[in-house]
Amino acid sequence: MSAVPGVTGLGGEEARALEARHGIATYAQFPLTIVRGAGCWVWDADGRRLLDFYGGHAVALTGHCHPRVVASLRAQAGRLLFYSNAVSSDVRAAALRDLAGTAPAGMSRSFLCNSGAEANEAAIKMARRTSGRRKVVSLEGGFHGRTMGALSATHLGHYRSDYAPLVPDHVFAPFGDLDAVRALLDDDTASVMLEPIQSMGGMRTADATYLRGLRELCDEHGALLHFDEVQTGPGRTGAWWYGDHCGVAPDLISTAKGLGSGVPVGALLVADRVSEKIALGDQGTTFGGGMLASVAISATIAIIREEGLLENATRRGREIREGAGALPGVTGFRGRGLLLGIVLERPAKDVAAMLREKNVLTGATPGDPHVLRLLAPLVAGDAEVGAFLTALAEVLGA
Ligand SMILES: Cc1ncc(COP(=O)(O)O)c(C=O)c1O
């Protein structure tokens, strides 16, 4: 047993038994106890090394334990672990500045919180509060989180249907159908909310014409445009934010997951014309903008910028498409950059299980059983892309 409290050194089987005994089993787990990570690689308690193209659930954006993230956290942990928004903080100020440096023009403020669902809750509340309207239009197949507000905007599967009744005034349009959104917009519509790539929904990808059309419709009707970039941002698709690909600036961008490279964070980036209407007391959270979270945000942004990871996301995504496109049983691709769906003839769950046997972690999507979901760290290089393609070729019988 380790001398550091909490850093236990439990064996894999022992850990799984304890989790089963004392945890509440809300996740179907991979049969693995992961104890260490570096870059795109993780190790289980028995020393088995795996290539993590599941990216720790889309979180290990700069790779596991990027040395600069670890160094920032270590340095800050010895200074101050936490003080709330009741006081100013040097590192929170820097994180807010750094986030604003990635945002579209006219979006200079953010609300910091702890998760994707919390960022979406804040977005829904701010849209309603600043517009005085109630209705939120979101898309069929969308996933926005499991709290009651975020769930009310979620359409996908059992996440929603198991918990009725939900918050009223949430309505849905089919993905990609501008006329359907137009038909739902009225003078009580606060916002239109969507994931530019529906990751859980099968990696369905919005095109530029659709996103520009939504921007125009929102402007015509005085509704806010809200992109849920919990999976697409920051940087995963090869641009800081998805609208950068097509010149569309939304009014609200919610994000989380990779933003802290593994430290729990969430953020809502807000257009200035909206944030200027938000008053003291309109929203709050104890832990949002905490010191460890803040240094993790700044470190993540610096690494993406200085290590050219936007370009790398585009390049590695293209290489995976080129390599996998030549394999039998691959029928297409969805997504962008390193938020990538490989469409397979076979069920993706089976292929993911076979890849796991070959020490490669990937994901499936609840929205489309034939889409293998890749959430690889943006630091993936030749060795990692090569190892993935070799394993996939073996599994698909090439
Ligand atoms: C697009 C999207 N929005 C929101 C969420 C919820 O984020 P969190 O689990 O951090 O609350 C998720 C989580 O998978 C997501 O994929």
Side-chain angles (χ1 to χ4, degrees), residues 26-29 54-61 110-125 127 136 138-160 163 166-167 170 172 175 191-206 211 225-237 241-243 250 252-269 285 287-290 293 296-297 300 334-341 362-368 371 373-376:
T26 55
Y27 274 84
Q29 292 186 331
Y54 188 64
H57 215 113
V59 166
L61 194 68
S110 303
F111 172 75
L112 298 177
C113 54
N114 304 285
S115 69
E118 193 186 358
N120 284 333
E121 293 287 337
I124 294 166
K125 286 177 71 180
V136 175
S138 47
L139 299 188
E140 293 177 8
F143 180 84
H144 298 294
R146 296 166 189 262
T147 52
M148 288 306 272
L151 199 56
S152 302
T154 290
H155 182 271
L156 189 69
H158 73 96
Y159 303 104
R160 173 187 182 76
Y163 292 93
L166 295 166
V167 178
H170 284 269
F172 299 94
F175 190 87
S191 66
V192 174
M193 171 175 183
L194 70 150
E195 303 153 82
I197 299 174
Q198 287 188 333
S199 180
M200 297 270 279
M203 292 290 197
R204 287 197 288 180
T205 307
L211 294 178
L225 181 60
H226 168 192
F227 287 175
D228 176 341
E229 300 229 35
V230 169
Q231 296 223 7
T232 49
R236 178 167 284 291
T237 68
W241 308 105
Y242 203 80
L252 301 165
I253 298 175
S254 49
T255 191
K257 287 203 191 284
L259 178 65
S261 288
V263 176
V265 293
L268 179 67
L269 286 68
T285 171
F287 281 117
I297 291 173
T300 301
R334 295 187 194 154
R336 189 153 187 164
L338 285 176
L339 185 57
L340 187 56
T362 57
T365 79
D368 187 334
V371 175
R373 189 161 60 135
L374 302 187
L375 307 157

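FYI, side chains are in, hydrogens and waters are out, and symmetry mates aren't considered; it's all heavy atoms of this structure. Order of listing sets the numbers, starting from 1, for every ligand and every atom in it.
Side chain of Arg236 to backbone of Ala376: a donor-acceptor contact under 3.5 angstrom is found. Of the possible donor and acceptor atoms, none in the side chain of Ser152 sits under 3.5 Å from a partner among the backbone N and O of Leu166.
Residue Glu195 touches ligand 1 through its side chain alone, judged by heavy-atom distances below 4.0 Å. At a heavy-atom distance under 4.0 Å, no atom of Thr147 approaches ligand 1. The part of Lys257 lying near ligand 1 is the side chain, judged by heavy-atom distances below 4.0 Å.
The aromatic rings of Phe143 and Tyr159 sit perpendicular to each other, their planes meeting at more than 60°, with 30° as the lower class boundary.
Annotation: side chain of His144 is not in contact with side chain of Ile124 (no heavy-atom distance under 4.5 Å).
Side chain to side chain, Thr237 and Thr232 fail the donor-acceptor criterion of an N or O pair below 3.5 Å. Using modelled atom types, one finds a donor on one side chain and an acceptor on the other under 3.5 Å when comparing His226 with Ser254.
Atom 9 (O) of ligand 1 is not flagged as protein-proximal [any protein heavy atom, distance under 4.0 Å].
Near Ser115, the atoms of ligand 1 lying under 4.0 angstrom from a non-hydrogen atom of the residue are 10 (O), 11 (O). Which parts of ligand 1 touch Asn120 is read off a 4.0 Å heavy-atom cut-off, strictly below it: atoms 3 (N), 4 (C). The ligand atoms of ligand 1 that sit less than 4.0 angstrom from a heavy atom of Gly145 are 4 (C), 6 (C).
Residue Val371 comes nearest to Gly202 through the heavy atom pair CG2-O, 3.9 Å, listed as atom of the first residue, atom of the second, then distance.
The only member of Arg373, Arg204, Arg334 that meets side chain to side chain donor-acceptor pair (under 3.5 Å) when paired with Asp368 is Arg334.
Selection from Thr232, Val230, Thr255 by nearest heavy atom to atom 15 (C) of ligand 1 gives Val230.
In terms of polar-atom proximity, Asp228 is counted as a contact of ligand 1, with an N or O under 3.5 Å from an N or O of the ligand. Looking at ligand 1, you'll find an N or O of Ala117 within less than 3.5 Å of one of its N or O atoms.
Here the heavy atom of the protein found nearest to atom 7 (O) of ligand 1 is Gly116 CA, 3.3 Å. Distance from atom 16 (O) of ligand 1 to its nearest protein heavy atom, with residue and atom name: Gln231 NE2, 2.9 Å.
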